Every structure is written in structure tokens, then in C-alpha cells.
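The block underneath contains the structure these notes are about, expressed in C-alpha cells.
All chains are named by letter (A, B, ...) in the order of the sequence lines, taking the proteins before the strands, and each is independently numbered beginning at 1. Computed over heavy atoms, backbone and side chain alike; hydrogens, waters and symmetry mates excluded. Quantities reported herein were computed from a predicted structural model and do not represent experimental measurements.
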There are 2 protein chains.
Amino acid sequence: MGIVERKEREREDMRRLIMDGAKQLFLANGFEKVSIRNIADAIEYSPATIYLYYKDKNELLFALHQQGFIKMVQEFRPLLVLTDPFEKLVQMGRAYIRFAVENPELFDLMFIMTAPMDKLDLEEWEEGDQAFGLLMHVVQECIDAGIFKQHDVRATAMMIWSAIHGYTALFLRKRLGMFPDCDRQMIMDDAFNLFCQTLRHGL
Amino acid sequence: MGIVERKEREREDMRRLIMDGAKQLFLANGFEKVSIRNIADAIEYSPATIYLYYKDKNELLFALHQQGFIKMVQEFRPLLVLTDPFEKLVQMGRAYIRFAVENPELFDLMFIMTAPMDKLDLEEWEEGDQAFGLLMHVVQECIDAGIFKQHDVRATAMMIWSAIHGYTALFLRKRLGMFPDCDRQMIMDDAFNLFCQTLRHGL
DNA sequence: CGAACTTACTGAACACTGTTTAGTGATGCA
DNA sequence: TGCATCACTAAACAGTGTTCAGTAAGTTCG
């Protein structure tokens, strides 16, 4: 009797329905401005129903957080065919920044907001591991190719990630107000290129 | 008759009383967990009174935001006596990170949270300018001393700030879960040192 | 001095928020 | 058919930022 299977399918459908509704609202209006009641309205259920499928709002955020990593890694994957490892690294940096600019809310959730991180805390973090592993792999290729000196791969990858992340985080959180609007984009690009250049030849 | 002066003084006192109460609660419990009612309780006034002195909660946050910059610049100032400009730069980086670790809530407010930035938006941002100006000054010294090549000072300073900021932002927002607890501190230090080294000699 | 005006302050309300619980009506199984 | 299980919800709880009418002092002036 396929009843339990059907129920399970229906449950999965319902989770998806909630998730999709939540995603739409979150990405359109920002996470702060979307309430459980908003989501409930959008999918035409009562707010309490959402709690039968997700423990709380943070669990909803965390599910989206996971999806974000899958999406980002997908955008990285095409770059892996590039042969020059340094070029690969530079393009990954650009892809990271592009992802942040094109999906600001998702990026926020993935790398800035604290809420979703309360959901994994000390456990394993597969998605984060995978994305960082990708970066480490490329860095290792750069070392193997003699482009980078033989420093610790993790520390090197960490340093590069930090630099690119800082750049995007400051931009997204509107901390570049000291630059005139017209110059901002140029300074940002210059800073990124300068960083890439510095990796090869120092400042 | 000094009545209007006294009133003005009393108003200033009241603003300080609110600010001090708010600061204590904010820095102790985090910004999200402190309500206007909490602050009102702490200073033994009604919540509505706070609105007679500050337009809204964000204005309170912004005032603290400003104080944070003053405090940070004060911690930078002693470093300016150092003679080696590169050493000065490295120590400023360390000071930035130290400030973030020792004042996580304040740092958050200054560089990560969006709330206080809604309060200045397009206007001039004196405090930010001053802090960034300090960095630019040291970078210029490095260029003048022939330590750095003659790139655009703003872009160079921006690149360096980004790198250091990324490092601290990822740490504060708990995005380093992929590293085992025991290694984390070491990787962070290695990454920082590696960045400093890279500035001089490339990676 | 006493009346009138001004000011500082507050209780109570408004419109929200996330979350829990008791209860309802449909579905599945004996 | 009757009982149990299930999905679902209305209503409530405790909290949030914020506003507003009303009160009780302080100040000014005739």
C-alpha cells in the first residue's frame, strides 16, 4: 500500500511549496522584511502550518542558505576547465563578486547573516567545505605550477578568500560611501586587479 | 537668565543617559536582543521618553556607530609614531583585527550591520573618511619610501582594507567552521602574515 | 500671588513580530 | 461503522518599534 509513500511525497511537496514561497519573498523583499505570516499568506495557509514543516524561521533561512551554496558552486564549475590555474583563480574571484552582486540577499545569507549559522554551529558543514575545497584545489594547482610559493594551502586559500570577501562585504553593506558614486566602481575594479597583480609580483 | 541654557544642558544630559544605558545593554547583549523597552527600564523612564530624544532605534545605533569610529581611530593613533611605514601598516592591520575581536558588537555596527548606514546614506561620512584617510596616508608613505609601486593610493588602500576586513568579517560571522577549532587561530594568523608578506614579495 | 502657557513625561494603544496550543474536520484503518 | 490518526487553523502569548492623548510639573506674565 503506497499510502505512506504518498504521504511522504505530499510532505515533501508541502516543504517545497513553503520553501519556494519563502524564497520568492525573501529574495524580493529582503530577509528582515518577510514574516512567517507573509509567507503563509503567499501560499494560502495559516502561519501555524509552516511550523509543521520547518522548526522555525531560521530553519527556513538555513535551507535557503544551503541552496545558495549549491548555486554558487554551480557557477564555479564551468571555470574548472580553464587551463591556466592562475587565470582560473582570478575568474573564481570575479565569479564570487558577480554572484554577490547578482544575488545580494542570498550572498548575505550565505556569508554575512548570523541567523543560519546557528543551525549548524559545531557540526560538519558540507557545502562550505565543498566551496572552500574548490578554492584550495585551484590554489594547490597554482603552487604545483610554480606560480605561488609553497606556503600552507589552507592559509593561502584563506588569505585569498578573505581579500575577495572583504571587498564584496564592504560593498554590499554600503561601507564605501567615502568614495564618490562615479569613482566607486572604478576603485573597486582597480582594487581587485591590484590584488590579483599583487599575488604575482607583490605590491 | 540661564534657563534655556540649563534646559539645553539637561537635554544633553538626558541624551547621554539614554545613550549610556543603551550602549551598556547593546554591547553586553547584542543589538538584536535589546529593545527600547529594555533601555527604558534600565534608565527608569518610559519607552516613549526615549523617542523625545532620539528619532528612532536606528538613530541610537548610529550615535554609537560614530563613537565606535572615534574609539578605533584613537587606537590607531599611537601607531603613527612608528618610523617604518610598512611596519606601521602591518600594525594598523593588527589593530583593526584586535579592535574587531575585542569589540565585536561595536565592530559589527561599524562595518557589517546595515541599520546605522540608513542614517547617513548620501551625506558626507566624516568618521569613515577620517579612518580611511589614516590608512591612505600610511599607504602613501609606503609608496614614497619605495616599498610599494606607484599605483593609485585609494585603490591600494582599498585593496588592503578589503583583505583585512574580509578576514575579520568571516571570523566574526562564524564562517570558518570548516577549520577545526584548534587550527583556526593558527590559520588566521598564517593568512594575515601571508598577506603582509605577499604585499612585499608576491605570493 | 494666581492664571495661562509650555514643557517633560507617561499609559495605553496600534500594528506588527515569531511561536505555541487547543481544537476541528477530513482521512485511513479495523 | 467506529475509532484513531492526520493536516490544518483560530486564537492566544509574549514580545517588538512607535505614536498619541493626557497629566502634572515648571515657567512666564498680568
Side-chain angles (χ1 to χ4, degrees), chain A residues 1-19 21-23 25-26 28-65 109 113-119, chain B residues 1-19 21-23 25-26 28-65 109 113-119:
Chain A
M1 54 178 83
I3 285 179
V4 304
E5 284 87 346
R6 196 204 64 204
K7 291 252 165 168
E8 217 159 285
R9 225 181 321 120
E10 283 177 351
R11 202 183 152 74
E12 223 31 67
D13 285 350
M14 191 64 181
R15 275 179 71 95
R16 219 189 330 274
L17 179 71
I18 294 169
M19 196 58 236
K23 196 196 316 193
L25 290 173
F26 279 147
N29 309 349
F31 299 101
E32 311 283 63
K33 280 170 194 154
V34 176
S35 69
I36 296 287
R37 281 174 180 81
N38 294 156
I39 300 168
D41 280 354
I43 60 172
E44 297 180 295
Y45 279 86
S46 95
T49 302
I50 292 174
Y51 287 89
L52 299 174
Y53 296 88
Y54 290 93
K55 203 188 135 288
D56 55 26
K57 200 185 178 184
N58 276 359
E59 201 166 291
L60 223 46
L61 287 178
F62 182 64
L64 200 49
H65 172 274
L109 190 58
M113 286 176 64
T114 45
M117 297 319 270
D118 300 340
K119 282 283 139 189
Chain B
M1 55 178 79
I3 285 180
V4 304
E5 284 87 347
R6 195 204 66 204
K7 291 251 166 169
E8 217 159 284
R9 226 182 319 120
E10 283 176 351
R11 200 182 153 75
E12 225 29 69
D13 286 349
M14 191 64 180
R15 274 180 72 94
R16 220 190 327 276
L17 179 70
I18 294 169
M19 197 56 236
K23 196 195 321 194
L25 289 174
F26 280 147
N29 309 348
F31 299 101
E32 311 283 63
K33 282 171 193 154
V34 176
S35 69
I36 297 287
R37 282 174 179 81
N38 294 155
I39 300 168
D41 280 354
I43 60 172
E44 298 179 296
Y45 278 85
S46 98
T49 301
I50 291 174
Y51 287 88
L52 300 174
Y53 295 89
Y54 290 92
K55 203 189 136 288
D56 54 26
K57 200 185 177 184
N58 276 0
E59 201 166 292
L60 222 45
L61 287 178
F62 181 65
L64 199 49
H65 172 273
L109 190 60
M113 286 177 65
T114 44
M117 296 320 269
D118 300 341
K119 283 284 140 191

Name the residue closer to the 5' end of DNA chain C, choosing between B/K7 and B/Y45 according to the nucleotide with the nearest heavy atom. B/K7
Given the rule that a pair is Watson-Crick or G-U wobble with both distances under 3.5 Å, how would you write DNA chain C in dot-bracket, using | for pairs to a different strand? ||||||||||||||||||||||||.|.||.
With sequence neighbours left out, what residues match B/E10 under salt bridge (charged side-chain N to carboxylate O under 4.0 Å, His left out)? B/R6
Between B/R6 and B/I36, the residue closer to the 5' end of DNA chain D by nearest nucleotide is B/I36
With a 4.5 Å cut-off on side-chain heavy atoms, are A/T49 and A/I43 touching? no
Taken in chain and number order and not counting sequence neighbours, the residues that satisfy ring pair (Phe, Tyr, Trp, His ring centres under 6.0 Å) with A/F62 are A/H65
Expressed in angstrom and rounded to an integer, what is the separation of A/I18 atom CD1 from D/dC8 atom P? 8 Å
Is the side chain of B/Y54 donor-acceptor paired with the backbone N or O of B/R15 at a distance under 3.5 Å, no angle test? yes
How would you list, by chain and number, every residue that makes a salt bridge (charged side-chain N to carboxylate O under 4.0 Å, His left out) with A/D41, sequence neighbours excluded? none
d(CD, A/E8; C1', D/dC6) in whole Å: 15 Å
Check nucleotides 12-16 of chain C against the protein and report each pair of N or O atoms closer than 3.5 Å, with its distance, or say if there are none.
residue : atom : partner : partner atom : Å
C/dA13  : N6   : B/R37   : NH2          : 3.3

Separation of C/dA8 atom P from B/I43 atom CD1, nearest Å, is 15 Å
With sequence neighbours excluded, tell me which residues meet ring pair (Phe, Tyr, Trp, His ring centres under 6.0 Å) with A/Y53. none
Please enumerate all residues that pass salt bridge (charged side-chain N to carboxylate O under 4.0 Å, His left out) together with A/R16, with sequence neighbours excluded. A/D13
Could you state the atom-to-atom distance from CE of B/M14 to C1' of C/dT10 in whole Å? 11 Å
Once side-chain contact (heavy atoms from CB on, under 4.5 Å) is applied, do any residues pair with A/T114, and if so which ones, sequence neighbours excluded? B/R173
Not counting sequence neighbours, which residues clear ring pair (Phe, Tyr, Trp, His ring centres under 6.0 Å) with A/Y51? List them please. none
What's the NZ-C1' distance between A/K33 and D/dG17, to the nearest Å? 15 Å
Run the ring pair (Phe, Tyr, Trp, His ring centres under 6.0 Å) test against B/F26 and tell me which residues pass, sequence neighbours left out. B/F31
Could you note down all residue pairs passing salt bridge (charged side-chain N to carboxylate O under 4.0 Å, His left out) where residues 48-61 of chain B supplies at least one of them, sequence neighbours left out? B/D56-B/K119
Sugar-phosphate only, base, or nothing, as touched by A/R11 at under 4.0 Å among non-hydrogen atoms: nothing
DNA chain D-proximal residues of residues 49-59 of chain A, any heavy atom under 4.0 Å: A/T49, A/L52, A/Y53
Whole-Å distance between D/dC6 P and A/E10 CD? 13 Å
